[in-house]
Novice: 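What follows is a single structure, and I will ask about it in a moment.
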Amino acid sequence: MHTDHVRHIIAAVAAVLVAAGVLVALNAASPGLTTGVWMRETLALVGEGVSQYESMSGNWLILRGLLGVYLTGLVAMVSLLLVLSLRTHPGVNR
Amino acid sequence: MSESTTQVDRFSAVQVYVHFLMALAILVLFLTGTAITFSGHVGWLVAVVGYQNIVLIHIVAGVTLFITLLYFIFYLLTGLATGDVPTAWMPTPGTVREAITYAKHILGRGEEPRPGKYTWIQKSEMLIIAVELTVLTLTGLVLMFPGLLLRYRPSFLVASDLHAVFAFTLLMGVTFHLYDTHVLEFPLDTSVFTGTVSLERAREEWAGWVDDEGTRTDGGETGTDRHIQIAGVVVVLFTFAVIYSGVMIDRILAPVPGTQVTLYLLDAPETILEGSFGLFWGLGLNVAMLVIIAGLVGLLYGITIRVTD
Ligand code: HEM
């Protein structure tokens with residue numbers, strides 16, 4: 001058999017096995033909820049008992065801040081490159 | 001054969017099909033993800049498909065993406081055994097020098113850079129996309145099991161924050177990518193579907209890749225259709241403004257769930273997003289949906305060229 005075929009087969013089998021393994025493990029770690037109940041509904045469902053969040057809120061604000069910096073930095077950089085493309089590409093290729 | 005019809009190989013079959021599957025999954029994840037976060041603004045999609053189905057489609061596309069990425073990783077790893085590992089994508093000190101040359105060129109000091117197979121911008125895009133997809137896949141897998149929320153509450157909600165913010169950062173990155181491949185190469189850059197580009201274009205864009213003498217055409221046949229390009233830039237900047245402000249208000253500056261704490265006092269994000277200026281996000285998020293749908297049409301058209309070739 002062609003080596004490239006072997007590579008495809010190994011890759012496909014490994015991908016499916018690893019994916020299945022990860023899903024089974026996560027499912028086992030997740031205590032009972034009927035399927036079809038998703039994150040947002042669950043959030044609404046358990047919204048009351050809030051005290052455990054409070055210990056997280058300091059770190060959480062740092063995380064939010066970092067995410068905000070990442071988002072802002074990336075948008076600024078990409079917008080700049082976009083505008084500069086008006087200089088580096090005078091018009092479109094057809 | 002004239003230079004404009006000579007083709008050079010650029011992408012292997014694996015690259016073509018992995019790109020297709022990934023892009024398809026990601027565009028579907030964008031459509032459904034935007035409908036989950038901003039369901040009020042793209043209510044038509046929720047009305048047509050139904051909220052439960054939207055989440056379900058999102059998960060099916062997410063698992064498809066997960067398997068595709070694993071497949072590609074394992075395929076590359078098996079290449080280690082056969083000594084066939086692509087290296088052209090890797091950032092090197094040369095990539096940094098190229099970025100500096102680019103900056104100098106923009107400021108009018110010095111020559112254009114002569115990139116190899118990928119320009120420094122393309123290499124950065126690939127790296128950022130790889131990092132973002134890793135975060136999105138890992139957090140997405142966790143969000144699939146809301147039972148985890150009951151047991152590991154704060155961590156689960158951190159995953160949800162990460163998932164939403166990275167999703168919309170990626171959406172903006174992909175919008176920029178679509179500008180490169182649908183506007184600068186109007187109406188569609190087919191190279192990632194056919195696997196080849198014209199020698200002429202290769203010399204123009206990746207002078208250091210095809211040959212080192214490089215006869216350059218320096219914008220000879222470009223320079224037409226400036227208005228398409230300017231319209232493209234305006235549309236992209238508009239979607240950036242909408243998505244960026246939407247995510248800042250809906251996530252970054254929104255209250256930490258269950259506490260009164262925010263980064264910046266903002267108790268009810270939806271009163272802004274759906275209040276008197278709501279039209280801005282209503283219009284803008286639907287423009288973003290059209291951009292995603294245009295990407296899907298281009299993708300399906302491109303892969304048809306490949307299979308019917
Ligand atoms: C390009 C990749 C992806 C993008 C752009 C994306 C986008 C989004 C967005 C915008 C949301 C809504 C967040 C919110 O406001 O609550 C979301 C939620 C979600 N995503 Fe993704 N996602 C991606 C990948 C994945 C993957 C790989 C999976 C799973 C394998 C996944 C599973 C989920 C789940 C389970 C939810 C929660 C749905 C709910 O119950 O509300 N996502 N995603």
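The chains referred to below are lettered A, B, ... by the order of the sequence lines, with proteins before strands, and numbering in each begins at 1.
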Novice: Which answer fits Y264(B), side chain, backbone, both or neither, if we ask what part of it has an atom under 4.5 Å from a heavy atom of chain A?
Specialist: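 No part of Y264(B) comes within 4.5 Å of chain A.
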
Novice: Can you name the nearest heavy-atom pair linking M39(A) to P146(B), along with the distance?
Specialist: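 Heavy atoms only, the tightest pair is N-CG, 3.8 Å.
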
Novice: To the closest 0.5 Å, what do you measure between NE2 (H105(B)) and CG (L84(A))?
Specialist: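 Answer rounded to 0.5 Å: 10.5 Å.
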
Novice: Less than 4.5 Å to any heavy atom of chain B: does that hold for the side chain of L63(A), its backbone, both, or neither?
Specialist: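 L63(A) touches chain B through side-chain heavy atoms alone.
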
Novice: Which atoms of I62(A) come close to chain B, meaning under 4.5 Å heavy atom to heavy atom: side chain ones, backbone ones, both, or neither?
Specialist: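 No part of I62(A) comes within 4.5 Å of chain B.
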
Novice: What part of Y179(B) gets within 4.5 angstrom of chain A, counting heavy atoms only: side chain, backbone, both, or neither?
Specialist: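 Side chain only.
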
Novice: Answer with side chain, backbone, both or neither: which region of I243(B) has an atom nearer than 4.5 Å to a non-hydrogen atom of chain A?
Specialist: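 Neither part.
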
Novice: If you count heavy-atom pairs under 4.5 Å with chain B, which of H8(A), R7(A), R87(A) comes out on top?
Specialist: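 Result: the option with the highest number of such pairs is R7(A).
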
Novice: Name the option with the most non-hydrogen atom pairs under 4.5 Å to chain A; the candidates are V233(B), I67(B), L253(B).
Specialist: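 When all of V233(B), I67(B), L253(B) are compared, V233(B) has the most.
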
Novice: Against chain B, label L67(A) side chain, backbone, both or neither, depending on which of its atoms sit under 4.5 Å from a heavy atom there.
Specialist: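 L67(A) touches chain B through backbone and side-chain heavy atoms alike.
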
Novice: Go through V16(A), V22(A), V78(A), V83(A) and name the one with the most non-hydrogen pairs under 4.5 angstrom from chain B.
Specialist: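 The candidate making the most pairs under 4.5 Å is V78(A).
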
Novice: Which bit of R251(B) is near chain A, if near means a heavy-atom gap under 4.5 Å: side chain, backbone, both or neither?
Specialist: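 Both parts, backbone and side chain.
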
Novice: Between I252(B) and R64(A), what is the shortest heavy-atom contact and its length?
Specialist: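 Closest heavy-atom pair between I252(B) and R64(A): O-CD, 3.4 Å.
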
Novice: Can you find a pair of side-chain heavy atoms, one from L86(A) and one from R226(B), that are under 4.5 Å apart?
Specialist: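 Yes, their side chains come closer than 4.5 Å.
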
Novice: Decide yes or no on side chain to side chain contact (heavy atoms under 4.5 Å, CB included) for Y102(B) and L81(A), but give the supporting numbers first.
Specialist: CA-CA 11 Å; Y102(B) 170 92; L81(A) 288 175; 3.8 Å; yes

Novice: Please report the interatomic distance CG(L74(A)) to CD(E132(B)), rounded to the nearest 0.5 Å.
Specialist: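 CD of E132(B) is found 6.0 Å from CG of L74(A).
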
Novice: Quick check for you: to the nearest 0.5 Å, what is the distance between F74(B) atom CZ and I10(A) atom CD1?
Specialist: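 Rounded to the nearest 0.5 Å, the CZ-CD1 separation comes out at 10.5 Å.
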
Novice: Would you mind telling me which of F72(B), Y75(B), F176(B) has the largest number of heavy-atom pairs within less than 4.5 Å of chain A?
Specialist: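 Of the options given, most contacts go to Y75(B).
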
Novice: In terms of heavy-atom proximity below 4.5 Å to chain A, should T175(B) be classed as side chain, backbone, both, or neither?
Specialist: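 Neither part.
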
Novice: Nearest 0.5 angstrom please: D84(B) CG to D4(A) CG, how far?
Specialist: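 D84(B) CG to D4(A) CG: 7.5 Å, rounded to 0.5 Å.
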
Novice: Name the region of D180(B), side chain, backbone, both or neither, that has any atom closer than 4.5 Å to a heavy atom of chain A.
Specialist: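 Neither the backbone nor the side chain of D180(B) comes within 4.5 Å of chain A.
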
Novice: Measure distances from L77(B) to the heavy atoms of chain A and classify the residue's part below 4.5 Å as side chain, backbone, both or neither.
Specialist: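 When you check distances to chain A, no heavy atom of L77(B) falls under 4.5 Å.
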
Novice: Heavy-atom cut-off 4.5 Å, strictly under: side chain, backbone, both or neither for F156(B) against chain A?
Specialist: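 Side chain only.
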
Novice: Counting heavy-atom pairs under 4.5 Å with chain A, which one of I106(B), L143(B), V236(B) comes out on top?
Specialist: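 Most heavy-atom pairs within the cutoff with chain A belong to I106(B).
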
Novice: List the atom of W60(A), the atom of V256(B), and the distance in Å for their closest heavy-atom pair.
Specialist: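 What the structure gives for the nearest pair is CE3-CG1, 3.4 Å.
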
Novice: With a 4.5 angstrom heavy-atom cut-off, which part of S79(A) approaches chain B: side chain, backbone, both or neither?
Specialist: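 Both the backbone and the side chain of S79(A) come within 4.5 Å of chain B.
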
Novice: Would you compute the distance between atom CE of M144(B) and atom CG of L23(A) and round it to the nearest 0.5 angstrom?
Specialist: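 Here the rounded value is 5.0 Å.
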
Novice: Among S124(B), A254(B), G232(B), which residue forms the greatest number of heavy-atom pairs with chain A at distances under 4.5 Å?
Specialist: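 Option with the greatest count: A254(B).
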
Novice: Minimum heavy-atom separation for S30(A) and G147(B), please, with both atom names.
Specialist: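 Reported closest heavy-atom pair: OG-CA, 3.2 Å.
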
Novice: Using heavy-atom distances under 4.5 Å, tell me whether F66(B) contacts chain A through its side chain, its backbone, both, or neither.
Specialist: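 Side chain of F66(B) only, per the 4.5 Å heavy-atom cut-off to chain A.
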
Novice: How long is the straight-line distance from CD of E112(B) back to OG1 of T88(A), given to the nearest 0.5 Å?
Specialist: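 Rounded to the nearest 0.5 Å, the OG1-CD separation comes out at 8.0 Å.
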
